[in-house]
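Per chain, numbering begins at 1; letters A, B, ... match sequence-line order. As the structure is a prediction and not an experimental result, all values here were calculated from the model.
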Amino acid sequence: MLHSNLLPAINQIFIDVLDDQDIVVQLETTAQDIDAWDSLNHIQLVVAIEKHFKVKFSTSEIYAWKSVGDMCKTIQERSPVHES
Amino acid sequence: MDFKLLKENLKKDFTGLKKIKLALLADSAEQFLAIALRGYGYSLSYDIEVYAAPFAQIENELFDTESGFYEFKPDFALIWYSPRKLLKQFCALSDSEKSQYAKQKLLLIRKLCQNINQYHPACKIIFTNFPDLGQQIFGNYASKVSISFEYQLRKLNLELMELSQETANFYIHDLCALQARYGEKQLFDARMYVVADMVYGLEAMPLLAKNILDIIAAQLGQFKKCLILDLDNTLWGGIIGDDGIEKIEIGDLGIGKTFTDLQAWAKQLKERGVILAVCSQNAVEIAKIPFLQHPDMLLKLEDIAVFVANWGSKADNIKYIQEILNIGFNSMVFLDDDPYQRNLVKTYLPEVCVPELPKDPADYLPYLTALNLFETASYSEEDKQRNRYYQEESSRTLLKESFTNELDYLQHLEMVAEILPFNEFTLPRIEQLLQRSNQFNLRTIRYSLEELREIAQREEMLTFAFSMKDKFGSYGIVSVAILKPRRKNVLFIDTWLMSCRVLKRGLEDVVLDCMQSVARNKNYDTLMGEYVPTSKNSLVKDHYRKMGFTQHEEGWLLSLKNYQPKAHAIKITGRENYAALEFAACN
């Protein structure tokens, strides 16, 4: 069960990074669904999400993400309640 | 600065900004750097057009004269080989090849530069040097092994510095220095390298962009020339007016070391040619005590070109310093520990650079050096003299302020002009003056050195050069005049120019006096002048009227019969240098 705030927060990061107010992401959204989600923006999304949730992802995680749902799952697993 | 902020700048309006064409040639992914450069450029009022050469095609782009690089015609080429990529080549080499690696690489770099210089000589080359990777194959022992990557890379770095010293348009982008400051840990993101082939992380991009644009801005003439220093708690710890000389912290007392280090830094800048000024809210005689009496003060009064201490506003005092130095506000840096004063100066003089000094004085210097405030595009012997020249100028201004009558002031300057002939010693400077003088230049004829030699030898031509000095220092040769016969009894002033450094001293009166005196001795009765307007010489459009000439159809004429010399305060020497000309009573 995903935290209810997670998807809206991710959505806002997509809007900021891809600079498009109209973006609406769902758990099943993939890079194919959003034109601007290219490899360059993927890097920026990763950095922005890490900053926002105060987590650090592993290389394999970054590499393996296919959908927004994958991202959310990793964040939920990794995001500590209190980051030192 | 954040990468995201730089990226947002890309949406701003770039119209009217200075256009710069920058070619990026890299062996790793550089799209983010291109964004950061354009975004950071915006904050400096540059419209940077970036041409990113195809990925990892540095040699092809530069050797193929029909490549996109040559078509783009960049103002600057940034070449960036990353050690990570070089290491891959290096590992595949035999030991004997490894031992020659730096040499071979430098040969290649030289050839690349030669090609650029041949096919697009206007391009300035910015070459990124090679930070250590710390492979630790040999550990600390690597220094003893000529085939270690560390040895070859550092050797290459040194050779690159030498190459840049011998090649005028070749500049080093000192990534090693940047990495020494921030560390690989902060700049390198191993995950981004694996996933996206980025040799530095996103967070490093603003730092790289700033460092590269520091070089470019200095090349374009935007650099800091003057460091203005507050005194209490900036240059020493404590308040001289309250604590007294024995209690201010400097040298070994208290946290004095941090202030001593800052002074040492400022002194090195001064020796490099940065002008130092003091701006302090203090009584001037008290403010000067540490400079005169404290044994641990590294900065002395003679290091300070303009010393302002009073109870007035610092914004006004910086304006005063600016007027004396006659440099732009945007070339000044103001250091003050007091946030109130900083804010005041920022508000009234927004062009002045005012670093937000950290609270703890121990952090001053690390903070300031990280800003790289004093990037420069040149360094010469003249730079060392600059402080002295401005100090002289400052002394003149101070003296002038104590006089109400202009002529009284000029008399106190104890000015001496020397008349000099055109000869092999004076001609190089005379030629330089002819090339450079724009404002006080009546006809703006740019004779070459050869032409001047010829003129000097022709008997009918009368040539004058004037050097000047006063009680504060020497200006060298500052005025030149060349006269030739026009018709019977009329001598035409072919060239008359003067350096603006000696405006309003009365030197032009001396020059005219000498002209008429020589002319009369040669039996001329009239001097003829002409003003040829240019975009820069409106200063002298009424020159001949002011000098007593009258306008006629053929030009400005001065009859020598009723010539009345004007009052001036300059002593004249050097008539004996001028054997070819006989002077009548001159002055």
- [ ] Could you tell me which residues in residues 37-44 of chain A have at least one non-hydrogen atom under 4.5 Å from a non-hydrogen atom of chain B, sorted by residue number?
- [x] A/L40, A/N41, A/I43, A/Q44
Task: Contacts of residues 5-17 of chain A with chain B (heavy atom under 4.5 Å) - done: A/D16, A/V17
Does [X] have more than 12 heavy atoms from other residues, nucleotides or ligands lying within 6.0 Å of its [atom1]?
X      : atom1 : answer
A/Y63  : OH    : no
B/E356 : CD    : yes
B/K19  : NZ    : no
A/K73  : NZ    : no
B/E66  : CD    : no
B/N140 : CG    : no

Open item on the list: Any non-hydrogen side-chain atom of B/K4 less than 4.5 Å from a side-chain atom of A/V47?
Closed with: no
Open item on the list: Is there a side-chain contact between B/R191 and A/E50 in this structure, where contact means two heavy atoms from C-beta onward sitting under 4.5 Å apart?
Closed with: yes
TODO: Using the test ring pair (Phe, Tyr, Trp, His ring centres under 6.0 Å), find all partners of B/Y101 that sit at least two apart in sequence or belong to another chain.
DONE: B/F90
Task: Contacting region of B/E8 [heavy-atom separation from chain A under 4.5 Å] - done: neither
- [ ] May I ask you to decide whether A/D19 forms a salt bridge with B/K11, counting only side-chain N to carboxylate O separations under 4.0 Å?
- [x] yes
Could you go through residues 126-136 of chain B and list every donor-acceptor pair under 3.5 Å that involves a side-chain atom there, pairing it with any protein atom two or more places apart or in another chain?
unit_1, atom_1, unit_2, atom_2, d
B/T128, OG1, B/I79, O, 3.0
B/T128, OG1, B/H173, ND1, 3.2
B/N129, OD1, B/L175, N, 2.8
B/N129, OD1, B/C176, N, 3.0
B/N129, ND2, B/D174, OD1, 2.8
B/D132, OD1, B/R154, NE, 3.4
B/D132, OD2, B/R154, NE, 3.1
B/D132, OD2, B/R154, NH2, 2.7

